[in-house]
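Working notes, beginning with the structure itself.
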Amino acid sequence: MARAFDVQEIEQKWQRLWADEGSYQVDADDPRPAQYVLCMYPYPSGPAHQGHVRNYTFGDLLVRHRTMQGFGVLSPFGFDSFGLPAENAAIRTGTHPRTFTEERIAELKASVVALGAVYDWRREIRSHDPSYMRWNQVIFLRLLEAGLAYRAMAPVNWCPGCQTVLANEQVLTDGTCERSGDVVIQRDLEQWFFRITSYADELLADLETLDWPERVKSMQRNWVGRSEGVEFDLQVVGHGPEGGIMKVFTTRPDTSFGMTYAVVAPEHPLVDIITTDAQRAAVDEVRTSAARVTEHERMSTEVEGQSLAKRGAFTGGYVVNPFTGKEIPVYVADYVLMRYGTGAIMAVPAEDERDWDFAHAYGLPVVRTTRPPEGFEGKAWTGDGLKENSGFLDGLDVATAKERAIEWLETAGLGRRTVNYRLRDWLVSRQRFWGCPIPIVYCLDHGAVGVPEDQLPVLAPDDVEFLPTGESPLTRHPTFRHTTCPVCRGPAVRETDTMDTFVDSSWYFLRFCDPWSEDRPFDPAAAEHFMPVDQYIGGIEHAILHLLYARFYTRALIDVGLAPGVPREPFRRLFTQGMIRLDHKKMSKSKGNLVAPTKYFDTVGADALRLFHLFAGPPAEDMDWSAQTEEIIEGCARFLDRVWRLTVETGDTSWRDGGPNQSDVALSRSVHRLIAKVSEDMERWSFNTSVAACMEFTNELRRYRGDDAGVHRPTYDAAADALLLLLAPMTPHMTAEAWERRHGAGARLHAQSWPSYDPDLARAERVTMIVQVNGKLRDRIEVNPDIDESEAIALALASQRVREELQGLEPTRIVARPPRMVNIVR
RNA sequence: GCCCGGAUGGCGGAAUGGUAGACGCGGGGGCCUCAAAAGCCCCUGUCCUUCGGGGCGUGUGGGUUCGAAUCCCACUCCGGGCACCA
């Protein structure tokens, strides 16, 4: 399509100028009030895709808008450059992951620049850069000193496809790896963990203070999974009080009188002690089969359908229910998990569905302790009701009975109130090469010892062989592993695991505040100046993983003294953009359904593509890339052509001398209304309606210019300038060029202040009052906006249409909302 | 099962209790042109119409209200999260 201006020339010119003039460089001593606008730093996977474009268009709009509003806006960019794809590429092609990654970074950076997004590039971070790795490792050691990092043997999620362990957060609900799709299996390995569970309560409670999407907060709440209850002791029959105590956790102590049996996890240490010879074979079978399947299979409901009988067994042992004093049988079953609570439960079949099913499969007694509502036909009743068959709890409601039961247990010295979490500690070890090495050496005498800070960063050697073995290539390197113990100088071996790349992304936003620091991760004063991030923008896919880890890490850094003065919540406002779908699937590189932005840069231009993303719909909602999309993008380009003709090609306009006439005043009023509308819409992220308002105004301006009476130049110029100022954050190249042509060489649109408006002028001069009869629209009357109620009613009753409807009858009621509406009720 | 979203013309969407469908795409008609492209102008929910206008219409069924796409109750369908977590 033939364009009104040379798109590519103009876009490249301004991209160069923004970089050369350092227009968006901001320092910690900037006198303007600080704002921190950040898009989640990307994994460099090659040229930008439409998801990036959408993300950075929103971010760039905010940066430019807030800069025009007078803020010193910190807008940094970086790359989450460690990660699996680069290493897999190395195994496939032999190219070193660094080479591969740096090529992808160059591609992504080029397309971000081509989009016209502006950043303080002096602050660029790459997580594989030794200067970043060094502080990543220093932080690890500080967490170790503070007891927030530890090493433990643990059953871990092992992905056969990725040949590494995964964090719980990386295993999908169907038990597969989020990356490879392989079924994740359990293995016991010595691994490094971060003690995120110490912060469980705080991470949960502080969610309430955040201006985040409710959806994300609710996902994090679910993930932390707090449940309040009580932990108490059951005496094992035939064993002394020393050896024979079985601890159970319950959230329903009010149901204790209905505890007719108990269940322990197959891995529970008591199993060996209480199992009788007669039952040993059956118990062993349960234990073996539980160990064989994945945790997910063990938890899945399909197994339940097969046969409950194979999933549990009587141990032959008994414990005493302290509430009833009765002996009850102890079963072993795989539905009880060793890692949650105490690994043992009291079973109350009448008030718990799993216990009900199990009790019925094994013929165990059921005693109701909560009276279900009249006519309840179901199995277990888990709702509220009056207690029965419950001794001193009889007649109480569930909540009160819980309290009494806990008090009784505490008084008797049998138990204590406690809280359990679903959240596990964060497993950070990865058996991969392309990540930040864990800075630890192992000495026979001194165990795991941190590498001294003056020897950091620990860098992996380049001369390694990439093979799909499941171990880091570092383990087979001839020299890397062998070192000396920092304590005794004796021989020691290095840790060859690297850190989860989510560690890198858990503090990069802090490093951005001061990426130049050479003696600490960042200057706390600079971090205090910019933090928290005022607006964080990214995809919903990070709702749990990255956002939870970063919240934890910020707190940990404050608590180990590295970030004094920094707020504990790093991201004040979060915006999660909708994803882009093609053929009902998420558009992504791995699905191979990308529509590359590059072709649009080369044709309609970045401005038109940006405008499309802003105009297409609400930013938070998913968007379908459809057959119509190309046509809408063309429409956006056409709109920009019209703006160009109206603001730059004003040569053949017939200017008129003298003062403003009626239509000039009307146009000025429209300008003020437009500024008001766009300003408000930007604040509430309603970019699609901002664009629509500008389009509407452009139509009006075009009609005004075509007026036979001639055009009043000052009025016209003010309108054209206002339009360019309002579009400046959305379509920066074309508007910057138009501004310079209107105001002379060196004029800079984006250095202008955001336009203000006069509320009196922004009010419409005449408004359309609607007149309803019985709530149905019957007439429209043009009225003065400050018309009062009696005038409005008089006008409405005088209406010909209304008189016809009334047919001489007196209205029974009149509701007037001047100047918008009068409703006459017959 | 529980929790969070969502459903409006042919399509993307707008409307924060007061004109449903702004704006754009697509479609139809016209102007300009030798012609085309570009540009410009008009029409475009649906049914009825004596061409004045009228009926119907925001997933379904109720309710509140002078008035409901919007608020409440009960559903249906779609998307997402959590789920033998005691």
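Every chain is numbered from 1 and lettered A, B, ... according to where its sequence line falls, protein lines coming before strand lines.
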Whether [X] contacts [N] is assessed here as follows: a side-chain N or O lying under 4.0 Å from the phosphate OP1 or OP2. Is that the case?
X      : N     : result
A:R252 : B:A86 : no
A:N688 : B:A14 : yes
A:R801 : B:G54 : yes
A:N222 : B:C85 : no
A:R642 : B:C40 : yes
A:R778 : B:U19 : no

What are the two closest heavy atoms between [X] and [Y], and how far apart are they?
X      : Y      : value
A:A262 : A:L234 : CB-CD1, 4.3 Å
A:M769 : A:V783 : CB-CG2, 3.9 Å
A:V7   : A:G605 : CG1-CA, 3.5 Å

Provide the distance between the two [atom1] atoms, one in [N] and one in [M], to the nearest whole Å.
N     : M     : atom1 : result
B:G57 : B:A68 : C1'   : 14 Å
B:A69 : B:G9  : P     : 14 Å
B:C4  : B:C72 : P     : 13 Å
B:A38 : B:A22 : C1'   : 27 Å

Counterpart base for [N], defined by Watson-Crick or G-U wobble contacts under 3.5 Å:
N     : answer
B:G39 : B:C31
B:G26 : B:U44
B:A14 : none
B:G1  : B:C82
B:C75 : B:G59

Revision key, fill the gap. The contact string for nucleotides 43-51 of chain B, one letter per nucleotide 5' to 3', using protein heavy atoms under 4.0 Å with B, S and - for base, sugar-phosphate only and none, comes out as ---------
Considering every strand and a 4.0 Å limit on heavy-atom distances, what is the contact class for [X]: base, sugar-phosphate, or nothing?
X      : answer
A:E696 : sugar-phosphate
A:P213 : nothing
A:T629 : nothing

Exercise for review: Specify the glycosidic conformation (syn or anti) of B:G6, with syn defined as within 90° of 0.
Suggested key: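 For B:G6, whose glycosidic angle is more than 90° from 0, the conformation is anti.
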Check your understanding: Should B:G28 be called syn or anti, with syn set as within 90° of 0?
Key ->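 Base orientation relative to the sugar is anti.
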Exercise for review: With rounding to the nearest 0.5 Å, note down the distance linking CZ in A:R638 to CZ in A:R3.
Suggested key: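 CZ of A:R3 is found 10.5 Å from CZ of A:R638.
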Practice item. Kindly compute the distance separating CZ (A:F612) from OG1 (A:T57), expressed to the nearest 0.5 Å. Key: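 Output value for this atom pair is 10.5 Å.
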By nearest atom, which of the nucleotides [options] is closest to the [X] side chain?
X      : options             : answer
A:Y340 : B:C66, B:C40, B:A86 : B:A86
A:A692 : B:G81, B:C23, B:C3  : B:C23
A:Q628 : B:A86, B:G18, B:C11 : B:C11
A:K776 : B:C23, B:C56, B:G81 : B:C56

Check your understanding: With nearest nucleotides of RNA chain B determined for A:R813 and A:N420 from heavy-atom distances, which residue corresponds to the more 5′ nucleotide?
Key ->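 With A:R813 and A:N420 compared, the 5'-side residue is A:R813.
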Check your understanding: Does NZ or CZ of A:R702 lie under 6.0 Å from the centre of the six-membered ring of A:Y704, at an angle within 45° of the ring axis?
Key ->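 Cation-pi check for A:R702 and A:Y704: fails.
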Practice item. Under the side-chain contact (heavy atoms from CB on, under 4.5 Å) rule, collect the residues that match up with A:A200, sequence neighbours excluded. Key: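 In terms of side-chain contact (heavy atoms from CB on, under 4.5 Å), with neighbours along the sequence ignored, A:A200 is linked to A:V224, A:Y421, A:L423.
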Practice item. Round to a whole Å and report the spacing from CD of A:E782 to P of B:U19. Key: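 Checked: the CD to P distance equals 15 Å.
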Check your understanding: Between A:H613 and A:W625, how do the two ring planes meet: parallel, tilted or perpendicular, split at 30° and 60°?
Key ->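 It falls in the tilted class, 30° to 60°.
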